[in-house]
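Written out below as C-alpha cells is the structure these notes cover.
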Amino acid sequence: MGVQKAYQPRSLEPKWQKEWLKKGIYQQYSRKKKCYVLDMFPYPSGSGLHVGHPRGYIASDIYSRFKQLEGYGVLHPMGWDAFGLPAEQYAIKNKVHPAVAVKKNIATFKRQLAKIGFTYDWEREINTTDPEYYRWTQWIFLQMWKKGLAYQSFSPINWCPSCQTGLANEDLEQGRCERCDSVVEKKPMRQWVLKITAYADKMLRDLKTLEWPEGVKEAQRNWIGRSEGTEVVFYVADTEEEIRVFTTRVDTIYGCTYVVVAPEHPLINQQLTINSQGIKNKAEVKGYLEKTKKKTDLERTALSKEKTGVILEGIEAIHPFTAERLPVYMADYVLESYGTGAVMGVPAHDERDFEFAKKYDLSIQSVIAPPRGQQPVQDQPFIDDGVLIDSKEFTGLTSQEAREKMTAWLSKEKLGKKKVNYKLRDWVFSRQRYWGEPIPLIHCEGCGVVPVPERDLPVKLPNVKSYQPTGTGESPLADIASWVNVKCPECGGKAKRETNTMPQWAGSSWYYLRFIDPHNTKALVDGKKEKKMMPVDVYVGGDHATRHLIYARFWHKFLYDQGAVSTPEPFQRLEFLGLILASDGRKMSKRWGNVIDPNDVVEQFGADAFRLYEMFMGPFTQSIAWNTDGMIGTRRFLEKVWKLERQVTVNKKQTTESKNMQSLLHQTIKKVTEDIESFKFNTAISSLMILVNALEKESHISLITYQTSLILLSPFAPHIAEELWERMGNKQSIFLSQWPKWDKKKIVAETVTIAVQINGKVRTVLTVPAGSDEATVQALALADVKITAHLDGKKIRKVIYVQDKILNVVV
RNA sequence: GCCGAGGUGGUGGAAUGGUAGACACACGGGACUCAAAAUCCCGCGAUAGCAAUAUCAUGAGGGUUCAAGUCCCUCCCUCGGCACCA
C-alpha cells in the first residue's frame with residue numbers, strides 16, 4: 001500500500017485514462033451477454049462542449065461501467081453527426097471547406113471528452129460525412145426509392161427564405177424555421193419526399209412495446225396524429241362534382257348547415273374557370289384567393305385570428321342525409337394539407353364552425369343533447385358526445401352508436417366510408433444546400449429517373465467554388481458541370497445528376513447500426529453481427545423527442561421489412577435527460593456569454609468530482625441550473641474516500657464491522673444497484689455518501705468492505721476507484737472485477753428505531769431489536785414517560801403496529 | 001385549448017400511505033493556527049420558550065385513512081410538447 005499521498009486527480013486521472021485505452025479494458029465483446037448503450041451523438045459545433053453536454057454521456061458511461069461489472073459485454077461507442085448548416089455557414093464565412101472545419105471541431109470535442117474519462121470504444125468512431133459512411137446512407141435511400149418510398153413532388157413545400165432551402169414539416173416551430181427563426185413561406189418546388197406516412201400505423205402501434213418516457217411517446221403519438229372518422233360525399237347541386245369531407249363527428253351531420261373548402265381545394269380552380277355556370281361572384285373569390293396567397297402559414301394559423309371566408313355564390317352542396325341544399329364557402333381556416341381540404345360546417349357542435357357561422361349569420365342547428373343532468377351552455381357550441389336529437393331515424397342514439405350506424409348507411413349508399421387520417425406528412429427529404437449527402441439519382445433524358453448503380457456508390461460530394469446557396473431551388477452542386485453531366489447508367493445517353501442533398505437527419509437515422517461494425521456495413525445485409533448487438537438496450541439523450549426519433553424509427557422499420565435488420569424497433573429503452581441551464585436560468589450559449597467549459601471544471605476539481613456532481617445535482621430527467629459552488633461537495637466526498645484507505649485493516653477476508661455497519665453496506669449495494677438500473681443517479685450517490693460518512697467513523701474497515709465500496713463507487717468516479725483498487729494490491733482493473741450482490745439477511749439491522757405515535761402524532765422514538773413483536777413494543781411504549789404523559793389516563797381504543805417502523809396508539 | 005412533467009427550508013433536492021426536509025451547498029458558532037486557507041466538531045423550516053417541549057408547516061381548498069408530500073375531488077401556478085388537425 002505504501003505511504004498515502006494527497007488526492008491529486010490532475011496526475012491520477014490522465015494516467016488511468018491512458019492505461020484503460022492501452023489495455024482495451026472496455027472492449028469485452030466476447031462475453032456472452034451483450035448490452036448496447038448509446039448516446040445521441042453530437043453535432044461537432046465550433047464552440048466545443050459546455051458542461052451541459054456531458055450530462056448524458058456521464059450517465060451512459062456510469063450505466064456502461066455498471067453493466068460491464070455485472071458481466072455484460074458492453075458496446076458504448078461515440079461518433080459525429082457532422083453534416084448540416086452550421087458547418088456550412090462557418091465555411092461560407094471563413095472560406096474554408098466544411099470538411100476542414102468539421103475535422104477541427106471533432107478534434108476539439110475529442111480532447112474535451114477524453115478528460116472526463118469515458119469508456120468509449122474509439123476504434124468504432126464514426127463520422128456521417130465520411131464517404132465510406134454516407135455510401136450506406138445513400139444505399140438505404142436507394143432501397144427506399146426502389147420500393148417506391150422515395151418520390152418526387154412538385155407541390156408547394158415549406159421554404160426558408162433565409163436558409164434558402166426547403167424544409168420538412170418537422171423543421172418548423174410555429175410556422176418559423178427552427179434553425180434561424182425566419183417566417184417560412186410556401187413555395188412550389190421539385191422535391192424528393194420519403195413516404196414516412198406508410199409507416200404511421202406501425203410506428204404508432206409499436207410505441208407500446210418500447211420502454212420510453214410517457215412524454216416522448218405521447219409527443220410521437222401527437223405527431224403521428226391518427227384520428228378515426230368518416231369521409232362524407234357532398235354532391236355539388238346540379239352537377240356530377242363532389243366535395244369530400246373528413247369528420248370525426250359524423251353523428252352531428254344533421255346539424256350541418258354549410259360546407260367549407262380550403263382556398264387550395266381543386267374545386268375552386270375548376271369552378272372559377274367555368275364560364276357559364278360555376279361561381280357567380282368570381283371577382284370576390286379571386287380577391288380572397290389573392291389575399292390568402294400573400295399570407296404565410298404563420299398568419300393563417302395565428303391563434304387569435306378571426307375567421308374569414310367568402311361564399312361561393314351559385315354553388316350549393318347536397319346534404320347526403322336530408323338532400324337539403326347547403327351554401328358552400330371558401331375559408332382559409334380550412335387546411336388543404338389535412339384530411340380532404342374540406343369540412344362540413346356544424347356550428348352547434350364545433351367551436352370554429354360556431355365562430356364562422358356567427359360571423360356570416362349562418363343557421364345553427366342543435367342535434368346533440370347533453371347527457372342527462374347536464375345543461376348546454378347558452379351561446380356556446382356543445383362539443384362533447386351526447387344523445388342525438390332532430391336526426392330523423394338516428395334520433396335517440398348516443399353519439400358513438402350514431403357514428404357507426406351513419407357511417408354504415410353512407411357506405412351502403414356509396415356516399416362515404418370509414419377513414420383514418422394522420423397529421424404526419426411525408427418527409428420532404430431534399431435540401432438545396434451544399435453540405436449534405438448527395439441524393440444518388442440520375443435524371444436521364446430518355447429513361448427518366450435512374451438510380452446510381454450500387455457499385456458506383458458513394459456519390460461523393462465534389463468541391464465547389466462557393467458553398468453559398470443559389471436560391472433558385474438548385475443546390476450549389478448544380479454549378480459544377482463536370483460533376484452534374486454524366487452518362488445514363490442504363491442507356492448511356494445524356495443525363496444529369498440530382499443536385500439536391502439530404503437533410504441533416506439522414507445520417508443519424510441509422511448510425512447506431514454502423515457502430516456495430518464501422519468498417520463493414522455489409523453487416524447490415526448479412527445480419528449476423530447486427531443480430532448479436534441489436535437493439536440498442538439503452539438510448540440516452542434529449543432534445544429530439546419527435547424528429548430524430550421518428551425518422552430513425554421509420555428507417556429502421558423499413559430496413560426491418562427488407563430483412564436487413566432483425567428487430568422492429570431500434571431503441572428498446574430511452575432515457576430522456578433534462579438540460580443543464582446556465583446559472584442565470586437561460587440555455588448555455590455563446591450568445592449569452594454564460595458557457596462553462598467542462599475542462600475548466602475538471603482542471604479545478606477533477607473529472608471524478610465533475611462526474612459525480614453532474615449526476616448529484618438532481619433527477620436525471622429534470623432541467624437544472626449549473627452552479628459551480630456545488631462542485632466542492634463532491635470533491636470533499638472524494639477526499640473522504642481517499643482518506644478512508646488509512647482505516648483499512650490488513651486482516652484480509654474477514655469483516656470486522658458491527659452488524660449495523662454490515663447492514664448499511666448491504667443496503668447501499670441494493671440502493672446503488674437499483675438506482676443505477678433506473679437512472680436515479682442522484683440518490684445512488686447520496687447513499688454512497690451516507691456509507692462513506694459511516695465508514696469514516698469506524699476505527700477499522702475490513703478489506704472486503706472497503707473493496708466492495710470501491711466497486712460501488714467505480715462507475716461514478718472511475719479514476720479514484722481504480723487508483724485505490726490498485727493500492728489494495730489488485731493486479732487487474734477494477735472494471736474487470738464483479739459487481740457485489742446484496743444479502744437479504746445482512747440487510748436486516750440489529751436494532752431499529754420505531755416511532756411511537758398517539759393519534760398519528762409522533763411523541764417519541766424507541767430503539768428496539770429488529771423484528772420485535774407488537775406486545776413487546778407496546779409494553780415498552782406504554783412504559784415511556786413521554787407517552788404516559790400524553791395518554792393522561794385516556795382509554796386506548798386501538799393500536800396499529802407496523803413491524804420495525806411505527807406504533808400508533810389511538811385514544 | 002389539448003397532452004406530459006412538476007410545485008417541499010436560504011439553495012439543489014430526499015421521502016414502497018408509516019418519524020417530512022435524507023444527501024449536499026450556503027450560512028452561523030466553536031476547535032486547530034501568530035494569521036489565513038484547508039480540515040474537524042456543533043447548529044441550521046417557522047413561531048413561542050432558558051430549556052424540556054408545544055403549535056404550525058410539502059401551491060390553495062375540501063375529502064378518504066389510525067396515519068397523506070404521497071390516494072380521491074375542485075382550483076391556481078411553473079416548465080416541456082402539440083395546436084384552426086375538422
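Proteins come first, then strands; the chains are lettered A, B, ... in the order of their sequence lines, and each starts at number 1.
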- Message: When you measure from the centre of the six-membered ring of A:F356, is the NZ or CZ of A:K307 closer than 6.0 Å and no more than 45° off the axis?
- Response: no
- Query: If you measure from the P atom in B:G6 to the same atom in B:U16, how many Å do you get, rounded?
  - Reply: 13 Å
- Among the nucleotides B:C66, B:C82, B:U39, which one has an atom lying closest to any side-chain atom of A:N222? B:C82
- Message: Just confirming the chi classification of B:G9, syn or anti, using 90° around 0 as the syn window.
- Response: syn
- The contact string for nucleotides 18-27 of chain B, one letter per nucleotide 5' to 3', using protein heavy atoms under 4.0 Å with B, S and - for base, sugar-phosphate only and none, comes out as BB--BBSSS-
- Task: Would you mind classifying the nucleic acid contact of A:P619 as base, sugar-phosphate or nothing, using non-hydrogen atoms under 4.0 angstrom?
- Result: sugar-phosphate
- Query: B:G13 and B:G18: how far apart are their P atoms, nearest whole angstrom?
  - Reply: 23 Å
- A:F605 CZ to B:A38 P, in whole Å, measures 12 Å
- Query: Want to settle it: does A:Y338 or A:V809 sit nearer the 5' end of RNA chain B, counting the closest nucleotide to each?
  - Reply: A:V809
- Starting at CZ of A:R249 and ending at C1' of B:C85, how long is that distance when rounded to a whole Å? 15 Å
- Item | Rounded distance (Å) that lies between atom P of B:G4 and atom CH2 of A:W223 | 19 Å
- Message: If you go through the side-chain atoms of A:K307, does one of them form a donor-acceptor pair with the base of B:C84 closer than 3.5 Å?
- Response: yes
- Before accepting this row, confirm whether a basic side-chain N of the pair A:R573/A:E677 lies closer than 4.0 Å to the acidic partner's carboxylate O. yes
- Using both distances under 3.5 Å as the test, list the Watson-Crick or G-U wobble partner of B:G6, or none. B:C77
- Message: For the P atoms, the ones on B:G12 and on B:A26, what distance do you get once it is rounded to whole angstrom?
- Response: 15 Å
- Query: Is the Lys NZ or Arg CZ of A:R636 less than 6.0 Å from the centre of A:W642's six-membered ring, within 45° of the axis?
  - Reply: no
- Whole-Å C1' distance, B:A38 and B:C71: 50 Å
- Query: To the nearest Å, how far apart are A:E218 CD and B:G80 C1'?
  - Reply: 13 Å
- Considering just the side-chain nitrogens and oxygens of A:K423, establish if one lies under 4.0 Å of OP1 or OP2 belonging to B:C84. no
- Task: Using Watson-Crick or G-U wobble geometry with both distances below 3.5 Å, tell me the partner of B:G43, or none.
- Result: B:C27
- May I ask you to decide if A:G309's main-chain N or O and A:K359's side chain share a donor-acceptor pair within less than 3.5 Å? no
- Task: Give the nucleotide from the list B:C66, B:A86, B:C56 with an atom nearest to the side chain of A:K761.
- Result: B:C56
- Nearest whole angstrom, please: distance from the P of B:C85 to the CD of A:E231. 18 Å
- Query: Roughly how far apart, to the nearest Å, are B:A20 and B:A67 at atom C1'?
  - Reply: 13 Å
- Task: Both distances under 3.5 Å, Watson-Crick or G-U wobble: report the partner of B:C71, or none.
- Result: B:G63
- Query: Do NZ/NE/NH1/NH2 and the carboxylate oxygens of A:D350 and A:R249 come within less than 4.0 Å?
  - Reply: no
- Item | Rounded distance in Å between the P positions of B:U11 and B:C32 | 35 Å
- State, with a plain yes or no, whether a side-chain heavy atom of A:E178 is found less than 4.5 Å away from one of A:L172. no
- Identified pairing partner of B:A38, criterion: Watson-Crick or G-U wobble below 3.5 Å: none
- Note on the structure: When rounded to whole Å, the CZ to C1' distance for the pair A:R226 and B:C3 reads 18 Å
- Task: For B:A86, take OP1 and OP2 only and decide whether either is under 4.0 Å from a side-chain N or O of A:S227.
- Result: yes
- Describe the nucleic acid contact of A:L688 in one word from base, sugar-phosphate, nothing, applying a heavy-atom distance below 4.0 Å. nothing
- Would you mind pulling out the nucleotide paired to B:U16, Watson-Crick or G-U wobble, both distances under 3.5 Å? none
- When you compare B:A5 with B:C40, how far apart are their C1' atoms, in angstrom units rounded to a whole number? 42 Å
Would you tabulate the side-chain donor-acceptor contacts of residues 760-774 of chain A under 3.5 Å, counting partners in other chains and residues two or more places apart, or write 'none'?
from: A:S772; atom 1: OG; to: A:P769; atom 2: O; distance (Å): 2.6
from: A:D773; atom 1: OD1; to: A:T776; atom 2: N; distance (Å): 3.1
from: A:D773; atom 1: OD1; to: A:T776; atom 2: OG1; distance (Å): 2.2

- Task: Using atom CD1 of A:I758 as one end and atom C1' of B:A54 as the other, report the distance to the nearest whole Å.
- Result: 14 Å
- B:A48 -> Watson-Crick or G-U wobble partner, both distances under 3.5 Å, gives B:U53
- Message: So, applying side chain to side chain donor-acceptor pair (under 3.5 Å) with A:D171, which one of A:R179, A:R547, A:R176 is it?
- Response: A:R547
- Message: Counting only heavy atoms from other residues, nucleotides and ligands, does the tally under 6.0 Å from CD of A:E351 exceed 12?
- Response: no
- Between B:A57 and B:G69 - P atom distance, rounded Å: 10 Å
- Under 4.0 angstrom, heavy atoms only, what part of the nucleic acid is A:K217 near: base, sugar-phosphate, or nothing? nothing
- Query: 5'-most contact on RNA chain B: A:V334 or A:E351, nearest heavy atom basis?
  - Reply: A:E351
- Which part of the nucleic acid, if any, lies within reach of A:R425 when heavy atoms closer than 4.0 Å are counted: base, sugar-phosphate only, or nothing? nothing
- Residue matched to B:C82 through Watson-Crick or wobble contacts both under 3.5 angstrom: B:G1
- Message: Any base atoms under 4.0 Å from A:H349, or only sugar-phosphate, or nothing? Heavy atoms, all strands.
- Response: nothing
- What is the distance from CG of A:N759 to C1' of B:A68, rounded to the nearest Å? 16 Å
- Can any side-chain N or O of A:H349 pair as donor or acceptor with the backbone N or O of A:S366 at less than 3.5 Å? no
